[in-house]
Protein chains: 2
Amino acid sequence: MSETKLPRPTDGELAILRVLWARGDSTVREVHDALTREEPEGTGYTTVLKLMQIMTEKGLVERDESQRAHVYRPRATEQRTQRQLVTDLVDRAFGGSPARLAMQALSSKKTRPEELAELRRLLDTLEGGEE
Amino acid sequence: MSETKLPRPTDGELAILRVLWARGDSTVREVHDALTREEPEGTGYTTVLKLMQIMTEKGLVERDESQRAHVYRPRATEQRTQRQLVTDLVDRAFGGSPARLAMQALSSKKTRPEELAELRRLLDTLEGGEE
DNA sequence: AGATGTCAACGAAGCCCTTCGTAGATGCGG
DNA sequence: CCGCATCTACGAAGGGCTTCGTTGACATCT
């Protein structure tokens with residue numbers, strides 16, 4: 001039985017999820033500190049707390065309450081969330097064509113050659129496996 | 001210079017923009033009919049009207065009022081909007097790496113071989129210009 | 001002209017997201 | 001034990017998005 005589908009995270013929620021994916025399970029304080037580090041004058045502590053409480057209600061994160069400072073854990077992996085966001089965007093703005101999104105992504109910004117090579121390998125796999 | 005950055009369109013606004021890009025400049029009635037066709041029981045006429053009025057204020061569309069039924073025109077091309085959406089997503093969820101987004105896009109859905117070939121040509125161009 | 005239909009323009013309501021102030025519980029150092 | 005720091009919880013405010021009812025202007029058909 002897989003998971004009921006999680007809602008699309010908002011921008012603020014995604015910022016928090018990024019911290020959780022990078023640091024691993026964390027308390028509100030730890031998340032808040034991390035966010036403050038990358039953006040001073042960002043958001044206050046209680047704002048982050050409230051956000052994370054709502055994310056718990058939505059099922060985006062889980063909470064271990066056995067300690068006084070609750071520990072939060074993302075319920076979806078980074079990959080899975082990325083996949084969801086991408087398919088969303090493909091459907092909403094690219095007429096359902098992932099390749100068109102991919103091309104737009106590559107044209108717009110400079111990409112490191114190593115990543116291009118990796119992408120090429122993926123392409124080989126995809127083209128090889130058809131028929 | 002006149003290109004002030006346009007705000008990121010919401011889901012509803014994007015749906016309207018898609019119609020305008022596909023049909024060309026249109027009246028509210030034409031947009032509403034198109035939306036209703038692809039999603040019956042979607043939104044009412046006045047809802048679409050209001051949305052498009054707000055989009056005008058935001059600068060997402062322009063309006064020709066010389067006819068009784070105003071004619072709306074997107075202020076950014078589909079390409080440019082796609083580019084903006086992609087870079088946004090790359091920054092918010094892919095640590096700034098367009099290639100990782102591209103790979104996620106291709107892994108998640110089946111893509112037509114013809115599009116893969118096109119993508120490969122783009123890759124050739126990008127890698128070619130590096131030496 | 002009068003009836004009917006179409007249009008833009010508000011404005012209000014409902015919901016969600018974000019922000020923060022405040023209160024109450026809990027742990028900790030003296 | 002008392003005071004201080006830290007934490008969760010709660011609620012309210014503000015703004016943005018979406019929805020729709022209503023109104024008044026304008027056109028069309030008879």
Side-chain angles (χ1 to χ4, degrees), chain A residues 5-20 23 25-36 38-73 81 85 88 92-93, chain B residues 5-20 25-36 38-73 81 85 88-89 92-93:
Chain A
K5 207 154 78 232
L6 299 179
R8 168 150 55 113
T10 67
D11 287 7
E13 291 168 346
L14 194 51
I16 290 174
L17 285 175
R18 278 207 314 267
V19 173
L20 292 179
R23 292 192 79 263
D25 305 358
S26 307
T27 65
V28 174
R29 168 80 35 203
E30 291 165 335
V31 170
H32 173 255
D33 288 355
L35 289 177
T36 302
E38 62 185 48
E39 174 123 10
E41 307 306 302
T43 61
Y45 174 85
T46 54
T47 302
V48 178
L49 169 64
K50 182 68 162 187
L51 238 351
M52 292 174 77
Q53 285 170 343
I54 292 176
M55 290 170 74
T56 306
E57 287 169 19
K58 291 188 188 174
L60 288 173
V61 296
E62 279 176 349
R63 177 165 61 181
D64 173 1
E65 309 185 356
S66 66
Q67 306 298 334
R68 184 160 107 89
H70 299 175
V71 175
Y72 289 79
R73 187 173 85 74
T81 306
L85 291 173
D88 264 27
R92 276 180 313 151
Chain B
K5 203 151 88 229
L6 299 179
R8 169 150 55 112
T10 67
D11 286 8
E13 291 168 346
L14 195 50
I16 291 174
L17 285 175
R18 278 208 315 266
V19 173
L20 292 179
D25 306 358
S26 307
T27 64
V28 175
R29 167 90 22 215
E30 291 166 334
V31 170
H32 173 255
D33 288 355
L35 290 177
T36 302
E38 61 186 48
E39 174 124 7
E41 305 307 303
T43 62
Y45 173 85
T46 54
T47 302
V48 177
L49 169 64
K50 181 68 162 185
L51 238 350
M52 292 175 77
Q53 284 170 344
I54 291 176
M55 290 169 75
T56 307
E57 285 169 21
K58 290 190 190 172
L60 288 173
V61 296
E62 279 175 350
R63 175 165 62 182
D64 174 0
E65 310 183 356
S66 65
Q67 306 298 334
R68 184 160 106 89
H70 300 175
V71 175
Y72 289 79
R73 185 172 86 75
T81 305
L85 291 173
D88 264 28
L89 187 59
R92 278 180 310 144

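So you know, we letter chains A, B, ... as the sequences are listed, proteins then strands, and number each from 1.
- Taking the charged nitrogens against the carboxylate oxygens, A/R23 and A/D33 have no contact shorter than 4.0 Å, which rules out a salt bridge.
- Per the geometry, NE2 belonging to B/H32 stands 15 Å off P belonging to D/dT18, to the nearest Å.
- In this structure, the side-chain hydrogen bond (donor to acceptor under 3.5 Å, both in side chains) partners of A/D64, at least two apart in sequence or on a different chain, are A/S66.
- Counting to the nearest Å, the C1' atom of D/dT8 and the CG atom of A/D64 are 15 Å from each other.
- Residue A/Q53 has no polar side-chain atom (N or O) positioned under 4.0 Å from OP1 or OP2 of D/dT8.
- Side-chain contact check for A/M52 versus A/V48: some heavy-atom pair is nearer than 4.5 Å.
- Which of D/dT18, D/dA5, C/dA8 sits closest to the side chain of A/R68 comes down to D/dA5.
- Going from atom CE of B/M55 over to atom P of D/dT18 covers 10 Å, rounded to whole Å.
- We find that CG of A/D11 is positioned 15 Å from P of D/dG16, with the value rounded to whole Å.
- Judged by distance alone, the side chain of A/H32 and the main-chain N or O of A/T43 form a donor-acceptor pair under 3.5 Å.
- Going from atom CD1 of B/I54 over to atom C1' of C/dC10 covers 12 Å, rounded to whole Å.
- In this structure, the CZ atom of B/R29 is 12 Å from the C1' atom of C/dA8, given to the nearest Å.
- The side chain of B/A69 sits closest to C/dC7 out of C/dC7, D/dT8, C/dA9.
- Across all non-hydrogen atoms, the minimal contact from B/S26 to B/V31 is CB-CG2, 3.9 Å.
- Here the side chain of A/R63 pairs no donor or acceptor atom with the backbone of A/Q53 at under 3.5 angstrom.
- Residues from residues 44-51 of chain B placing a heavy atom under 4.0 Å of any atom in DNA chain D, listed by number, are B/G44, B/T46, B/T47, B/K50, B/L51.
- Taking atom CE of B/M52 as the reference point, atom P of C/dA8 lies 9 Å away to the nearest angstrom.
- A donor-acceptor pair is defined here as one N or O able to donate and one able to accept, closer than 3.5 Å; such a pair exists between the side chain of B/T27 and the backbone of B/E30.
- Counting to the nearest Å, the C1' atom of D/dT18 and the CD atom of B/E13 are 10 Å from each other.
- Considering only the side chain of B/T43, D/dT19 comes nearest among D/dC7, C/dC7, D/dT19.
- At the phosphate of C/dC16, neither OP1 nor OP2 sits under 4.0 Å from any side-chain N or O atom of A/T10.
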